[in-house]
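Note sheet for the following structure.
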Amino acid sequence: MKWNSITVKLGGSIIVLFLVVLLPLMYTIDQLFTSFYTNQQQKQTEYFAGQYSAMITDVEDVNSYHMFDMLSDLINADFLIFNKEGVILRSTAGASFQEGSRVMTELFAPIAQNRSVGLEYTSSAQPLFLAGKPIVIDGEVNGGLVVASNMDGVQQSIKEVRKWLFVSAVGALLIAVGFTYFISRRLASPLLQMEKAARDMARGKLSTVLPVTTRDEVGTLAVAINDLGRELKQYRTSRSEFFANISHELRTPISYIKGYSEVLRKGMIENEAEKQQYAAIIEDESKRLTALINDLFELAKMEEGKLDLHPEWVEVDDVLKSAIAKARLKASEKKIDVIFDTSSELLKLHIDPIRLEQAVLNIVENAIRYSEVETNIHIYTRTKKSRFILFVKDEGMGIQEEDIPFIFERFYRVEKSRSRASGGTGLGLAIVKNLVERLNGDIQVESEIGKGTEFILSFPLERNAGEEK
């Protein structure tokens, strides 16, 4: 396992967070137990000092203190009694507080002032807690009684608590490490799978599919990567088809130009009429090649967002009439009548007129190309919900329903057998779709086999037609 892997980082972060919580908690528990045991011992010692000091009626009656020897064994604590001069009269505390010696000032001073005292004291390496009470007889302080409690038991209890705290903390830490390792591996596993899938896609394995096991952000990311793989696969397929199509489209006119120019160069002609025929073929294929290159260049500019637009307020009818006028020559060759039902009002749009005319002309020419002779093409407009709608309907053979979603793709042809004879580049509708979208419009297609096809273009009537979305 790599030390810089996400599993280690995630697990390390969880462990650090666990320690940040555990260590202060252990310290708090230790302080609570220490304070509890110490306070209990001190309160008990102070209680004994108060109880037994009240039992003494004569400080100087040393013979009556023999009972404290028994009490010392009973409560596991030592006693010392001193008079009002601070001289110890009776002591069970050993060498630290010998009878006949003076009691320490820290005990004598507050008791002489009729105040209780409690302090910690270390004697012969033994920790003691001293609780002193004044002996008051007839309202006067005649001395004091001090109970000395050994704190070894308390400290031993605290040590035991600390030992078990440490054992518990180590156990909790080991459990946390194991749990964290399991959780971090489980959380990191999908991310590692995504990393592998991304690298596989980078190497060209676009069929890689990630399992989606959750509905959280990780699951959403897996779905996004799967979508990316499908998009890349589709893009690669489209790119391959595009290069195949463009190679095919370029090869045909170039072959014609090369073949017939070679015939002319070698003088392999019988008369002037044949010469003119070959020259006309070369001219037509040159025009076709030029149109293909121009369409490719135009489409590339649009897809890269480099197509310049110059919107202005224009009368829509004028733009449509201009496009129809340019298409009438091709329509007349097939005896097709282009019928324009002009709108009753002079409608204006804020749009690039040249690009709008180009889109309409491409649609009309496409309709002429795939319409039978002596048919009609109907063009009419409507307004609905703040949108301008343009309809272009022909009376051709129609488009199969399964072909409709693909007609705006480059080089896609509904009738493969007629594609070459029609003279189109296969890019016209792709250019139309890009133009309409650049003009902030929408385009739809409705078609019925044997009855014809209708293109429906809509643009906003507001002042944003032809501006950036």
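Please read all numbers here as calculations on a predicted model, not as lab measurements.
Using a 4.5 Å heavy-atom cutoff, the side chains of His350 and Pro460 are not in contact. Contact check for Gln400 versus Glu402: side-chain heavy atoms found under the 4.5 Å cut-off.
Side-chain atoms of Arg102 come within 3.5 Å of backbone atoms of Glu85 as a donor-acceptor pair (strictly under, hydrogens ignored). For Thr38 (side chain) and Ser35 (main-chain N/O), no donor-acceptor pair under 3.5 Å exists by modelled atom type. Distance alone, capped at 3.5 Å, is enough to place a donor-acceptor pair between the Glu99 side chain and the Ser91 backbone. Judged by distance alone, with hydrogens and angles left aside, the side-chain atoms of Ser53 form a donor-acceptor pair with the main-chain N or O of Ala49 at under 3.5 Å. With hydrogens and angles ignored, the 3.5 Å screen pairs a side-chain donor or acceptor of Ser447 with a backbone N or O of Ile399. Panel note: side chain Asp352, backbone His310; a donor-acceptor pair is recorded below 3.5 Å. Between the side chain of Asn142 and the main chain of Val59, no donor-acceptor pair closer than 3.5 Å is present. In this structure, the side chain of Arg387 engages the main chain of Ser458 through a donor-acceptor pair within 3.5 Å.
Remark: Arg115 CZ is packed, more than 12 non-hydrogen atoms of other residues, nucleotides or ligands lying under 6.0 Å away. Other residues, nucleotides and ligands contribute only 12 or fewer heavy atoms inside 6.0 Å of the CD atom of Gln444. In the displayed structure, Asp227 atom CG is contacted under 6.0 Å by more than 12 heavy atoms of other residues, nucleotides or ligands. Remark: Ile354 CD1 is loosely packed, at most 12 non-hydrogen atoms of other residues, nucleotides or ligands lying under 6.0 Å away. Surrounding CD of Gln31 are more than 12 heavy atoms belonging to other residues, nucleotides or ligands, all under 6.0 Å away. By the 6.0 Å contact criterion, CZ on Phe18 is enclosed, its count of non-hydrogen atoms from other residues, nucleotides or ligands being greater than 12.
Nearest heavy atom pair, residue Lys348 against residue Trp313, reads O-CZ3, 4.1 Å. Pairing each heavy atom of Glu106 with each of Val117, the nearest pair is O-CG2, 3.8 Å. Between Leu429 and Phe408, the shortest heavy-atom distance links the atoms O-CD2, 3.3 Å. In plain terms, the two heavy atoms of Asn226 and Leu210 that are nearest each other are OD1-N, 2.7 Å.
The only option from Phe79, Phe82, Tyr121 that meets the ring-ring contact (aromatic ring centres under 6.0 Å, His included) definition with Phe97 turns out to be Tyr121. For the pairing with Leu349, the side chain to side chain contact (heavy atoms under 4.5 Å, CB included) check across Val316, Val319, Leu439 returns one residue only, Val316. Evaluated for a side chain to side chain contact (heavy atoms under 4.5 Å, CB included) with Ile81, the options Val103, Ile135, Thr92 yield exactly one hit, Ile135.
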Item to complete: Give the intermediate values and the outcome of side-chain contact (heavy atoms from CB on, under 4.5 Å) for residues Val177 and Ile15.
Response: CA-CA 7 Å; Val177 168; Ile15 291 298; 3.7 Å; yes
Practice prompt. Applying side-chain contact (heavy atoms from CB on, under 4.5 Å), run through Glu60 and Asn83 and close with a yes or a no.
Written response: CA-CA 7 Å; Glu60 299 296 336; Asn83 59 21; 3.6 Å; yes
Discussion item. Let's go through Lys43 and Glu46 carefully: what are the C-alpha distance in whole Å and the side-chain angles of both, what is the deciding distance for salt bridge (Lys or Arg N to Asp or Glu O under 4.0 Å) to 0.1 Å, and is it a yes or a no?
Written reply: CA-CA 5 Å; Lys43 286 180 181 179; Glu46 290 172 352; over 6 Å; no
Item to complete: Mind running side-chain contact (heavy atoms from CB on, under 4.5 Å) on Thr453 and Glu446 for me, showing each step along the way?
Response: CA-CA 6 Å; Thr453 302; Glu446 295 179 1; over 6 Å; no
Worksheet entry | Residue pair Gln44, Gln41: steps toward the side-chain contact (heavy atoms from CB on, under 4.5 Å) verdict | CA-CA 5 Å; Gln44 188 179 43; Gln41 186 76 0; 4.0 Å; yes
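A donor-acceptor contact closer than 3.5 angstrom links the side chains of Ser322 and Glu357.
Looking at Lys321 and Asp318, no side-chain N of the basic residue comes within less than 4.0 Å of a carboxylate O on the acidic one, giving no salt bridge.
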